[in-house]
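Everything on this sheet refers to the single structure shown next.
Convention: sequence-line order gives letters A, B, ...; per-chain numbering from 1. Note that the coordinates shown come from a computational prediction; the quantities given were computed from them, not determined experimentally.
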Protein chains: 2
Amino acid sequence: MAIVTVPVLSRSERNAMAMQAAGTERPATIHDIAAICGVAASTVSRALSTPDRVNIRTRARIEAAAAELNYTPNSQAKALSSGRTGAVGVLVPDITNPFYFDLIRGTQLQLKAAGYTQLLVDTEESDEVEASSMEQLRKSADGIIVTASRLSDEALLAAAAKIPIVTINRDVAGVPAVVIDTPSATSQALDHLISLGHTRIAYMAGPLTSQSSTLRWNALAAAAEDRGVEVRRLGPFAPKTQSGAAAADAAVHSGVSACIAFNDLIAIGMLQRLRERGIRVPEDMSVVGCDDIFGADFCNPPLTTMASPIEEAGRVSVSMLLAQLNPLAGGGSRSRSLMPTHLTVRGSTGPVPPAV
Amino acid sequence: MAIVTVPVLSRSERNAMAMQAAGTERPATIHDIAAICGVAASTVSRALSTPDRVNIRTRARIEAAAAELNYTPNSQAKALSSGRTGAVGVLVPDITNPFYFDLIRGTQLQLKAAGYTQLLVDTEESDEVEASSMEQLRKSADGIIVTASRLSDEALLAAAAKIPIVTINRDVAGVPAVVIDTPSATSQALDHLISLGHTRIAYMAGPLTSQSSTLRWNALAAAAEDRGVEVRRLGPFAPKTQSGAAAADAAVHSGVSACIAFNDLIAIGMLQRLRERGIRVPEDMSVVGCDDIFGADFCNPPLTTMASPIEEAGRVSVSMLLAQLNPLAGGGSRSRSLMPTHLTVRGSTGPVPPAV
DNA sequence: CAATCCATGACAACCGATTGCCAAATGTTG
DNA sequence: CAACATTTGGCAATCGGTTGTCATGGATTG
C-alpha cells in the first residue's frame, strides 16, 4: 500500500474551508490583513498599536484593509500576549440594591469611555464569594473596584498586593478608596431632627460587617454627645426593605420619636410598616434615610435622606483605578477621595409630637 | 570587542526572576503542575478536563499538585485555544431601569450556577451601541441575551446567525425568545378598569422602537373594541419617571378617567405629577402600570400594575441559551417561552369619578 | 506464545495577538 | 561616493491552554 501524503493545509486555507462549510463569516485577524497588504503580521500589529513605528503609507494601507475586513482585535489573544485584559471587575454585594444602580452606571460609563470592559459580579453579601471572585478576577481583569467590602482589612490588603484595587465605602490604609462622606451628613441629619425638637433618637444599624454603618454610628454618637441628646443604636438590620418592618417595630418599642436609618431601603421598609401599624409619619415618628436611592422621592411620605453623589463616586473610582494602571499620565494619583453629601429634607421628618 | 552571548532563560526561570523582583506570587500554570508530577502539560490538561482519558493514579497526583499550587485555569488562554469563552453577554437598554435589576439578577444566578461569567452591557437605548456591542461580544462571549432590542428584525436575525442569541421581550421568527406575556395582562387591566366604570381610557405608549409597547397597544386596542370602550393611544414617552409628567398632562388633557402606562416608571412619574397638580389618584384618575418593579408597592398611592416574573424570565433565558450552546443535553430546546403575568391591584385604581 | 487491542501519555501544532531582536532599506552627511 | 544613522519591517518566541496524532506498554485473547 502506497503511503498517501495528506497535504498540510495552511491556517487560512482551513479557515476558508470552515467558512465554506459553516456558511458563517469568520472574524478577520491580523494575518488576513497582513496577507492582503503583503506585510508581516507583526507589522500589522505595530501599525495598529504603535503607529509611529510604521511607515505612514504602509500604515494607511493596513488601516484601509482593516476597515475593509471590518477588523476588530481579539481581546482574548490580546490579553494572553500582553498580560492586559482591558477589563475591570466591579464587585457589589447585592445587584438588586438600588444604591448600586447608579454606582454601576457610573463605573460603566467611565470604563467604556476609557475603552475598558466592566465585569460586574454580585457577591451576594458573602465574604467568601467576594474572596473567590477576586481570585478569579485576578487573572481576567486588570483591576478591581470593590464596593462595601465584607472582607477583613488584612484580606483586602493582601488582595491589593496582587491586583490593583480601589474600594468604595471601605477605608483601609494602603488601599486607594472612594469614601462617601455620609458620617458627616449624619450630624446634619441629627441637627435637623434636633431643630424639630427631637431628643430621643434611634440609629437603625446596617450589617455588622459594614464599615459604613459603623462609621455612621460613631459619627452620630459623637455628634449626639456633643449636642447633649440621646441616640440609641438598634439592630443590626439587613439592608433590604423587608428588614424595615423589624426596624420600625424596634423603633416604636424603644420609644424614640425619630430615627436615622442605615440606608434608604431600611427607611422605606419602615415607612411601610409604620403605615400598616397606623403610626403616622412624620406626625408620630420622623424617619431619615441615607443615599437618596431610586424611590426615596416618591415613597409615602417622600423620604428625608442624606443624598450621595453615587454615580460620581463610581466614575471617580474608575479614574483612580485607571491612574493606578497607567501611572504614566502625569500627576500623583490620589489614594483617597471623599465624596461630599448633603441632607435632602422631604416629608418624612417633622416636629416632635406633643407630649401626651 | 568580544561577542557576549546572553544566556537564554527558560520560561520558568524568567518567571522565577520576575517573582523575585516583584515579590508577588505568580498564578500556577499547568506547566508548573506538569513539572512537579513529571508528566507532560497536555496530560495535566486532560487530567483536569477529560479525567477519563487519564490513569486514575496519575490524575490523583495531578489533582493533588493542582490543589497544592492553588491552580486555577487562565480563562483567556482557555478561550483562545478552545474557542469557548465561558462568558455570556447580557445587553440591557438602561441599567438604571429597575425592571432590569431583577432580570440581571436572574441571569446572573443562573449563569453562575452553570459556571459562566456574565458580561453586562448597557446599550443606552441606542441601536448603534447595541449593534457594536454585539459585534464585540461575538468574540468575547459564547452567546448573548438581548433584552428589549432596538434593532430591526433583519439585524437581529443576522446577528443570531453569527452567535447564539436569546431575546427577551422581542419576538423575531428564527431567534429564540423569552416573551413576558404582558399583552394578555393588558386585557385583564382593561377589564379591571371597565368593572370600575371607566369608559374613556388612555394608553401611555413607550418608545416607538419598543416591540413590547406595540404589542401591548395592539392587544389593548383589540380588547377595547371587543368590550366596546374607547381607548386612545398617547405618547410616545421615554421609559423614565421624568417622562411621567408629560404623560400625566397628556392624560388629563385628553379627558380620560383612567390610563394604562407602558411601564411602571412612566406610571410612577405620572403619580408624582398628578399629585403636584392636585389631581387625586384614584378619585380623579386611575393609573395602571406594568412590570411591578421595585417601588411600585411603596409609591403613593401604591401602584396597580401588571406583575411579571422578571427574575424567572432571566433564568429561563439563560437556560435556553445554554441549551443552544450545549445541544448534547437531551430534549429539544424550546425556542420560545411565554412567561405568564397577572394584574396586581393596589391603590392607584378606583371607581370612575361621578360625572360633574 | 503470538497477535490484537486499548489505555495511557508524550509531542507538537494551534488559537491571535505582542514584542525583542535583527536585517534590510532608506536617508543624511562629509 | 563612501560611511554612518535612522527607519522600517520581518522573524520567531511567547502567553497558557486545547486537541489531534502517534508511540509505548500491558492486558486480553486465540
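Straight-line distance from the CG atom of B:Asp32 to the P atom of D:dG16: 9 Å, rounded to whole Å. Rounded to an integer number of Å, the gap from NZ of A:Lys139 to P of D:dG16 is 11 Å. Rounded to whole Å, the distance from CD1 on A:Ile30 to P on C:dT18 is 6 Å. Rounded to an integer number of Å, the gap from B:Arg57 CZ to C:dA7 P is 18 Å.
Legend: side chain to side chain donor-acceptor pair (under 3.5 Å) pairs involving residues 74-96 of chain A, not counting sequence neighbours, sorted by first then second residue: A:Thr85-A:Asp142, A:Asp94-A:Thr96, A:Asp94-A:Lys240, A:Asp94-B:Arg105.
Of the residues in residues 70-86 of chain B, those placing a heavy atom less than 4.0 Å from an atom of DNA chain C are B:Leu80, B:Ser81, in numerical order. Of the residues in residues 43-55 of chain B, those with a non-hydrogen atom less than 4.0 angstrom from any atom of DNA chain D are B:Ser45, B:Arg46.
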Only pairs under 3.5 Å count here: list side-chain donor-acceptor contacts from residues 143-160 of chain A, not counting sequence neighbours, and write none if there are none.
from	atom 1	to	atom 2	distance (Å)
A:Thr147	OG1	A:Leu91	O	2.7
A:Ser149	OG	A:Glu130	OE2	2.5
A:Ser149	OG	A:Leu151	N	3.0
A:Arg150	NH1	A:Ala148	O	3.1
A:Arg150	NH2	A:Glu125	OE1	2.3
A:Ser152	OG	A:Glu154	OE1	3.4
A:Ser152	OG	A:Ala155	N	3.1
A:Asp153	OD1	A:Arg170	NH2	2.6

Quick one: side chains of residues 50-62 of chain A, donor-acceptor pairs under 3.5 Å with protein atoms, not counting sequence neighbours, listed by atom name and distance.
from	atom 1	to	atom 2	distance (Å)
A:Asn55	OD1	A:Arg57	N	2.6
A:Arg61	NH2	A:Cys37	O	2.5

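In terms of the side chain to side chain donor-acceptor pair (under 3.5 Å) criterion, residue partners of B:Glu135 (sequence neighbours excluded) are, by chain and number, B:Arg138. Residues forming a side chain to side chain donor-acceptor pair (under 3.5 Å) with A:Glu63 (at least two apart in sequence, or on another chain): none. A search for side-chain contact (heavy atoms from CB on, under 4.5 Å) contacts involving B:Ser337 returns B:Val178, B:Val316, B:Met320, B:Arg334, B:Met339, not counting sequence neighbours. With sequence neighbours left out, B:Glu312 forms a salt bridge (Lys or Arg N to Asp or Glu O under 4.0 Å) with no residue at all. A search for salt bridge (Lys or Arg N to Asp or Glu O under 4.0 Å) contacts involving A:Glu311 returns A:Arg315, not counting sequence neighbours. Contacts of A:Gln108 classified as side chain to side chain donor-acceptor pair (under 3.5 Å), with partners at least two apart in sequence or in another chain: none.
The terminal axes of the helix from C:dC1-D:dG30 to C:dG30-D:dC1, fitted over 5 pairs per end, subtend an angle of 40° to the nearest 10°.
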